[in-house]
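Atom set for the values below is all heavy atoms of this structure, side chains included, hydrogens, waters and symmetry mates excluded. In each ligand, atom 1 is the first atom listed, and ligand 1 is the first ligand listed.
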Amino acid sequence: MRALPILLLFTALFRAFSSSNDAYPSGYGDEPGICLSSSAKLQQREAYEGEIFDITHPYTPNTPLGDSAEGTGQILRLLMSMKNGSDYNLSEMRLCVHAGTHVDAPGHMYDNYFDQGFDVDTLDLRVLNGPTLVVDVPRDKNLTAEVMKSLNIPRGVKRVLFRTLNTDRRLMWKKGFDTSYVGFMEDGAQWLVDNTDIKLVGIDYLSVAAYDDLITAHLVFHKSREIILVEGLNLEGIELGIYGVHCLPLRLVGAEGSPIRCILIK
Ligand SMILES: *[C@@H]1O[C@H](CO)[C@@H](O)[C@H](O)[C@H]1NC(C)=O
Ligand SMILES: *[C@@H]1O[C@H](CO)[C@@H](O)[C@H](O)[C@H]1NC(C)=O
Ligand SMILES: *[C@@H]1O[C@H](CO)[C@@H](O)[C@H](O)[C@H]1NC(C)=O
């Protein structure tokens, strides 16, 4: 009884690969329609994609979370378990949307933007994906206007990931929140807005804004709703330079933040 659907499946697959390209456009294989040639070509393309660096931290109960000494706590709960006789395992998750590697939406610190629906689902994927600079900043200061000026980031650069003392101190690997992290001071944020074309700001701890200017620096960044803040990135061991960055938040309608998966491609 099972043979028929499987036979139909094989017939369908055979048709998909052997009849010329209804299933995908030409250009993947030298001789369209010949399965072997297509897959060899695809494998070749894979080999040319370059190196991928995962700059997302894993989410665990010890993942740090703003203002919490205890970290994120239990994230996953098994609702159905094979150990208990279920046919499958099935988990549910509970996670603060600003824990670990995450993105902020304009509604995070502007209540009117929150009411107007500027949630993570409205974030521009063209800002979250594209060429980026990974830069090191001086280790003895927060990100002030003076520091920002000294970095000499050219006009036209739209995305910058800032590696700071936070990476050296491995703050994202410590479950207790540490308020002494490095981040933007209000004047540094304002300098970036006024003097650069940066639309994606990435940083290596839970907040782009230093704790002393936590609210004010966020307000400067979010005001125009054009700048996207990605926080809690793992930039350890990443060589400075130019990459393609790809960041994808979850489509959490109504949320002012979201966990985000970010990778760099060299
Ligand atoms: C299913 O869940 C149990 C815990 O009940 C776990 O030990 C096991 O590894 C899980 N199996 C799979 C395939 O994930
Ligand atoms: C399995 O069931 C027992 C008894 O109801 C419960 O104590 C235990 O937590 C369950 N384990 C899992 C993984 O769901
Ligand atoms: C950055 O600012 C925080 C307070 O927001 C402070 O605790 C920390 O020492 C400053 N870091 C540096 C390197 O100046």
List, one per line, each side-chain donor-acceptor pair under 3.5 Å for residues 241-248, sequence neighbours excluded.
residue	atom	partner	partner atom	Å
Tyr243	OH	Glu239	N	3.4
Tyr243	OH	Glu239	O	2.5
His246	ND1	Asn129	OD1	3.0

Classify the side-chain pair Thr144/Asp187 by whether it contains a donor and acceptor separated by less than 3.5 Å.
-> no

Using a distance-only test with no angle check, is there a side-chain donor-acceptor pair under 3.5 angstrom linking Asp67 and Tyr211?
-> yes

Pairs of nitrogen or oxygen atoms, one from ligand 3 and one from the protein, closer than 3.5 Å: please tabulate them with distances.
residue	atom	partner	partner atom	Å
ligand 3	2 (O)	Asn142	OD1	3.4
ligand 3	2 (O)	Asn142	ND2	2.3
ligand 3	5 (O)	Tyr211	N	3.3
ligand 3	5 (O)	Asp212	N	3.0
ligand 3	11 (N)	Asn142	ND2	3.2

By ring-ring contact (aromatic ring centres under 6.0 Å, His included), Tyr110 pairs with (sequence neighbours left out) Tyr113

Leu206 versus Glu231: any side-chain heavy-atom pair under 4.5 Å?
-> no

Contact list for residues 135-171, test ring pair (Phe, Tyr, Trp, His ring centres under 6.0 Å), sequence neighbours left out |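 For residues 135-171, and leaving out neighbouring residues, the ring pair (Phe, Tyr, Trp, His ring centres under 6.0 Å) pairs sorted by first residue read Phe162-Phe184.
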
